[in-house]
Number of protein chains: 2
Amino acid sequence: MTITQLYYVLAVAEQQNFTKAAEKCFVTQPTLSMQIQKLEDQLDVQIFDRSKKPIELTEVGKKIVTQARNIVNESYRIQDIVDQQKGFIGGEFKLGVIPTIMPTLLPMFLKTFIKRHPKVKLKIEELTTEEIISRIKDGHLDAAIAATPLEDENIKERVLYFEPFVCYIPKNHKLFGKQNIDSTDLEIDNMLLLEDGHCFRDGVINLCKVFKNHIDDKFQLESGSIETLIKLSNEGLGMTLLPYLHTLDIREKEKENLHFFNDPPPAREVSIIYHKSELKMQIIEALQDVISGIIRGAIAFQDVKIISPIPK
Amino acid sequence: MTITQLYYVLAVAEQQNFTKAAEKCFVTQPTLSMQIQKLEDQLDVQIFDRSKKPIELTEVGKKIVTQARNIVNESYRIQDIVDQQKGFIGGEFKLGVIPTIMPTLLPMFLKTFIKRHPKVKLKIEELTTEEIISRIKDGHLDAAIAATPLEDENIKERVLYFEPFVCYIPKNHKLFGKQNIDSTDLEIDNMLLLEDGHCFRDGVINLCKVFKNHIDDKFQLESGSIETLIKLSNEGLGMTLLPYLHTLDIREKEKENLHFFNDPPPAREVSIIYHKSELKMQIIEALQDVISGIIRGAIAFQDVKIISPIPK
DNA sequence: AATTTGTAATAAATAAAAATTATAATAAAA
DNA sequence: TTTTATTATAATTTTTATTTATTACAAATT
């Protein structure tokens, strides 16, 4: 049994297709077929059920894949140990970012990070919190930036900053007259929200829920981007909530529609999250350092009230 | 990086000698040297400090060895998964047994076990509790039979039976006249004990301690085997305590010297212990079944007072 | 100081294994 | 039925691991 064989097994299990798996491994299809056959012969057990249309794992196969993933991941850790020892910060690093953080945070820290750590090959992907969690667990992401706390025992979190919510209230809205908004003023069925799967949406719902025990399932309108949300709001379709960093680069005219919360403002906790195995910890710490440093200048709220990002 | 390379590294780390490690791996010395060099080249780090007299691990080397042990052990688990799936009970199994259990328990279950599980190649070794714990942790033992509880978070225990202590009191001893002994009668500085490192000794000391807070460090006499203990006792050198199973095959004449404790008698808990990773669990369960079945007929005490085997 | 001994490294040759190219076999889809 | 998609097999090449033989080196012994 070799690590390579296990890696091939993982690829086939993932792609459910020898040919595609072979491409992903940068070898030809017969190589994969033969190595996997060899492993199956040695173990004297079928890992894959090749009779099924898209290839399936056998029952033992599933257990073997789980264990193979362990072994392959643990093998990466050896290079990690060496890097850590040398203080080397480099190599490929896959970072996930949730959509409502991506456009505001990324431009702020990316240039600085790349300049400071030129050997790191950052691969950034925009993903929902749910996708992020599953990809951190299966090793497809090294870390991610998301709203926390997530309360997942396999995932560790390091808080980067707290980002207050700001109300965006169009002129025709009944709350427009109020200078400062209180959380108790919010009404969920009067609010434009992001579509399902965005944790920012869940955060807002939780915020409203704090004061209203039940919510109607019929929300007025839902959108995929905060940019759209603002436009819809401008059309007089309702108020909405924006994460503070988004308010920094909206048009001057629209700034008039911003209303801040009374102290302490509700806020989301934004963290860098990673698998509990702490692989590539040097890079995670490097990211944390850069982002914390950058954000320190941008957000200056002291006391905030943290809203959970998980649907409850 | 291959599992084989990691295995070679472990062998050299253990033997502190390339030549001996090569023998243990059934390859020639240049094979080992080259594979380890190759790994060191790939990682671009020295794992071994070859300038030191018996070869030493570098600082990174130590961390790599720890991780390599993980990976190699986890790779064994794949065969384990297959065996478990097939209900196959076989292969080499290394069992440790503490000295005070070895001579009495082994003859009772060994024949039955071998008959019932002929494919298992049992390798039994007599070891002290301390040695057992360290060897279970480093993977040199698959399981062991020892007095418990050990309170070690890396080791799991399954109780096999409770074995009461029986007093062995020579005729000239002041307690000889008493038919049934009470724990409070025991005096540590009046007791023949096994030499240091035997947990049965620690158990006895704990038992005496229950009623006397301090013990003199000058014990009367210490011996390496229970057989000797009995002989010394016969010479009038003091009383001693025997585990119940030992009393089943002593000479008729000596049986007169046995005095049982009042209920509930002090006893030791005997368990099969194994690493928390639960490798080769089928064989461990098979052992447990056989031993529990055999012992059920031999020991019939209900209520016992368990004495800890750990020095306190 | 020279020699022996124990031990690891190196070189060249061999054996073994992995990977490739080319092709066949198979099953599902058109 | 033919096409398409996909995996298996065969023969060949490339790569890698292993071996044998030898060298290098340091410590211990003479």
Side-chain angles (χ1 to χ4, degrees), chain A residues 1-62 64-65 68 71-72 75 78-79, chain B residues 1-62 64-65 68 71-72 75 78-79:
Chain A
M1 183 196 327
T2 68
I3 296 175
T4 309
Q5 285 171 346
L6 299 179
Y7 186 75
Y8 290 166
V9 168
L10 291 184
V12 174
E14 191 170 296
Q15 306 289 324
Q16 297 193 295
N17 178 312
F18 276 70
T19 313
K20 286 176 193 158
E23 279 168 30
K24 230 206 72 179
C25 295
F26 304 107
V27 291
T28 58
Q29 168 265 314
T31 301
L32 230 82
S33 287
M34 295 198 72
Q35 284 308 112
I36 287 177
Q37 263 181 54
K38 204 177 143 189
L39 181 61
E40 287 180 325
D41 285 354
Q42 274 178 9
L43 296 175
D44 193 30
V45 81
Q46 286 285 110
I47 298 173
F48 296 102
D49 181 349
R50 294 154 170 86
S51 72
K52 297 282 169 56
K53 173 51 211 185
I55 266 180
E56 268 180 33
L57 284 165
T58 60
E59 279 310 302
V60 224
K62 287 179 193 163
I64 290 176
V65 161
I71 295 171
V72 170
S75 80
I78 286 191
Q79 183 61 59
Chain B
M1 182 195 327
T2 67
I3 296 175
T4 310
Q5 285 171 346
L6 298 179
Y7 186 75
Y8 290 166
V9 168
L10 290 184
V12 174
E14 191 170 297
Q15 306 289 323
Q16 298 194 295
N17 178 312
F18 276 69
T19 313
K20 285 176 193 157
E23 280 168 29
K24 230 204 72 177
C25 296
F26 304 106
V27 291
T28 57
Q29 168 263 314
T31 301
L32 230 82
S33 287
M34 295 198 74
Q35 285 306 112
I36 287 177
Q37 263 181 55
K38 204 176 144 188
L39 181 61
E40 286 180 326
D41 284 354
Q42 274 177 9
L43 296 174
D44 194 28
V45 81
Q46 287 285 112
I47 298 173
F48 296 102
D49 181 348
R50 295 153 170 86
S51 72
K52 295 284 169 53
K53 169 63 208 252
I55 264 180
E56 268 180 31
L57 284 165
T58 60
E59 279 310 303
V60 225
K62 287 178 194 164
I64 290 175
V65 161
I71 294 170
V72 170
S75 78
I78 287 191
Q79 182 62 60

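Each chain gets a letter, A, B and so on, in the order the sequences are listed, and its residues count up from 1.
For B/P30, taking side-chain heavy atoms from C-beta onward, the closest of the listed nucleotides C/dT10, D/dT7, C/dT20 is C/dT10. Of the candidates D/dT7, C/dT21, D/dT6, the closest approach to any side-chain atom of A/T28 belongs to C/dT21. Between D/dT18, D/dT6, D/dT19, one nucleotide has an atom nearer to the side chain of B/Y8 than all others, and that is D/dT18. Residue A/T4 places its side chain closer to C/dA19 than to any other of C/dA19, D/dT18, C/dT10. Nearest to the side-chain atoms of B/V27 among the listed nucleotides D/dT6, D/dT9, D/dT19 stands D/dT19.
Rounding to the nearest 0.5 Å places CD of B/E40 at 7.5 Å from OG1 of B/T58. The CG atom of A/L39 sits 12.5 Å away from the OH atom of A/Y8 when rounded to the nearest 0.5 Å. Atom CD1 of A/I55 and atom CZ of A/R50 lie 6.0 Å apart (nearest 0.5 Å).
Whole-Å rounding puts the B/F48 CZ to C/dT7 P distance at 16 Å. Following rounding to the nearest Å, B/Q35 (CD) and C/dA16 (C1') show an atom-to-atom distance of 13 Å. Atom NZ of A/K52 and atom C1' of D/dT7 are 17 Å apart (whole Å). Distance, A/D41 CG to D/dA8 P: 11 Å, rounded to whole Å. With rounding to whole Å, B/N17 atom CG is found 15 Å from D/dC25 atom C1'. As a whole-Å value, the separation of A/L32 CG from C/dT20 P is 10 Å. For the pair B/M34 CE and C/dT10 P, the computed distance is 9 Å after rounding to whole Å. Atom-to-atom, CZ of B/R50 to C1' of C/dA9 comes out at 9 Å; the value is rounded to the nearest Å.
Evaluation of the salt bridge (charged side-chain N to carboxylate O under 4.0 Å, His left out) test over residues 17-27 of chain B, restricted to residues two or more places apart or in two chains, returns B/E14-B/K24.
Applying the side-chain hydrogen bond (donor to acceptor under 3.5 Å, both in side chains) rule to A/Q35 yields no partners; only residues at least two apart in sequence or on another chain are considered.
D/dA11 and C/dT20 make up a base pair, with Watson-Crick or G-U wobble contacts both under 3.5 Å.
The side chain of A/T31 contributes an N or O atom lying less than 4.0 Å from OP1 or OP2 of C/dT20. In terms of phosphate contacts, B/S33 brings no side-chain nitrogen or oxygen within less than 4.0 Å of OP1 or OP2 of C/dT10.
Taking 3.5 Å as the limit, the base of D/dA8 and the side chain of A/Q29 contain a donor-acceptor pair of atoms between them.
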